[in-house]
2 protein chains.
Amino acid sequence: MNGSEILAQRFTTWQAMEFNESDCLIRNVLDRLGDKWTMLIVIALNASPARFSKLQREIPDISKRMLSQTLRGLERDGLITRHVFATAPPQVEYRLAPLGRSILDPLAQLVLWAEIQQDEIRRARESYDDSVNEIDSAATKAPR
Amino acid sequence: MNGSEILAQRFTTWQAMEFNESDCLIRNVLDRLGDKWTMLIVIALNASPARFSKLQREIPDISKRMLSQTLRGLERDGLITRHVFATAPPQVEYRLAPLGRSILDPLAQLVLWAEIQQDEIRRARESYDDSVNEIDSAATKAPR
DNA sequence: CCGAATCCTTTTCGATACTG
DNA sequence: CAGTATCGAAAAGGATTCGG
């Protein structure tokens, strides 16, 4: 079964349960993975386990609040583990759990897709924006 | 190269350019794909081309506004095409473009990952929530 | 039928200040 | 160092109305 067939089959199933938001698989998963920081943190922790402040340095524009919140979400879902060392000052290290490592392959597929297609997407956007501009300028010129 | 190696390598590259938000590949892509409706519509159109109102029936809880907005975004990126039939009343059909079909395989990988891991994620959440509750009740009991 | 425009609510996010 | 708490800004989303 290729991707299209798999998705077509799942679509029918989800439809039958009316995409019930709480137990619809894809909505649950993509809601979590699709937020602004989750995947970036998974990728950072794949590169190497890290402490809170190291992660904050590695991802320059994340705020403490979002880093903390996203890490908690990942820990809750079992994708990462949190290790506290009772030193002074305290040290907390985050690592990818097996469940977190298991998402690296599908995630990499998505990144590869983006790399391969990015030029075509850029072209599509430019051409679309151009055609919209034409309509706009025609609309502002013609009526008078 | 496996997923982990691919992502580790990309991470280094992205870091070198400081994750500049406008041209950082993964942020661009996941921002688009990760929104609430985009992937659902791609999957629906994979099942079969459809008109506006059919899509709205197939995805029960999407509003006209978001359907229209999401379709425009997908068309702009070249993932779908829009065909207008000058009938009365007008009919507009949406179809997956080749670029849109090319994302079905990576997307299906993600769905399969979610299916395989969903039980483990659910268990992780329950166990996490339980441990949080213990701490909470200890905190509200002990201090008095 | 398809969709744009408007208004309003909800959610997300960042800045800042504070704690163990 | 590793967070939490609070607040306000901004973005996303929904309901409704209107137009071709």
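By convention in this document, chain letters (A, B, ...) are assigned in the order of the sequence lines, proteins followed by strands, and residues within each chain are numbered from 1.
- Atom CZ of A/Arg72 is separated from atom C1' of D/dA2 by 12 Å (rounded to the nearest Å).
- Within the structure, a side-chain polar atom (N or O) of B/Ser68 is placed less than 4.0 Å from OP1 or OP2 of C/dA4.
- The CD-C1' distance, from B/Gln69 to C/dT6, rounds to 14 Å in whole Å.
- What separates CD1 of B/Ile59 from P of D/dG14 is a distance of 12 Å, to the nearest Å.
- If you measure from atom CD of A/Gln91 to atom C1' of C/dG20, you get 16 Å, rounded to the nearest angstrom.
- The listed nucleotides are C/dG14, D/dG3, C/dC7; the one nearest the side chain of B/Arg65 is C/dC7.
- Neither side chain, A/Ser127 nor A/Asp130, offers a donor N or O lying under 3.5 Å from an acceptor on the other.
- For B/Ser63, the listed nucleotide lying nearest its side chain is D/dG14; candidates were C/dG14, D/dG3, D/dG14.
- B/Tyr94 comes within contact range of the sugar-phosphate backbone alone, with a heavy-atom separation under 4.0 Å but no base atom that close.
- Taking the side chain of B/Lys64 as heavy atoms from C-beta on, and the options C/dG3, D/dG3, D/dG20, the nearest nucleotide is C/dG3.
- Side-chain atoms of B/Asp35 come within 3.5 Å of backbone N or O of B/Trp37 as a donor-acceptor pair.
- Distance alone, capped at 3.5 Å, places no donor-acceptor pair between the B/Ser48 side chain and the B/Ala44 backbone.
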Derivation of the side-chain contact (heavy atoms from CB on, under 4.5 Å) call for A/Asn2 and B/Leu104: CA-CA 9 Å; A/Asn2 60 31; B/Leu104 295 174; over 6 Å; no
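- Of the residues near DNA chain C, A/Pro90 and B/Pro89, the one whose nearest nucleotide (by heavy atom distance) lies more toward the 5' end is B/Pro89.
- If you measure from atom CD of A/Gln56 to atom P of C/dC13, you get 16 Å, rounded to the nearest angstrom.
- Between C/dC2 and B/Arg82, no contact under 4.0 Å exists linking OP1 or OP2 to a side-chain N or O.
- Side chain of B/Lys36, nearest nucleotide from D/dT6, D/dG13, C/dG3: D/dG13.
- Within the structure, every side-chain polar atom (N or O) of A/Arg57 is placed at least 4.0 Å from both OP1 and OP2 of D/dC1.
- Listed nucleotides: C/dG20, D/dG14, C/dC1. Nearest to the side chain of B/Met66: D/dG14.
- A donor-acceptor distance shorter than 3.5 angstrom exists from the side chain of B/Thr70 to the backbone of B/Met66, with no hydrogens or angles considered.
- Rounded to an integer number of Å, the gap from B/Leu67 CG to D/dG14 P is 11 Å.
- A donor-acceptor contact shorter than 3.5 Å is absent between the side chain of A/Thr38 and the backbone of A/Gly34.
- When the C1' atom of D/dG3 is taken as reference, atom CD of A/Glu75 falls 13 Å away, rounded to whole Å.
- For B/Asp105 (side chain) and A/Gly3 (main-chain N/O), a donor-acceptor pair under 3.5 Å exists by modelled atom type.
- Within residues 41-53 of chain B, the residues approaching DNA chain C are B/Arg51, B/Phe52, B/Ser53, by heavy-atom distance under 4.0 Å.
- Here the P atom of nucleotide C/dG20 and the CZ atom of A/Phe85 are 24 Å apart, to the nearest Å.
- Side chain of A/Arg76 to backbone of B/Ala124: no donor-acceptor contact under 3.5 angstrom is found.
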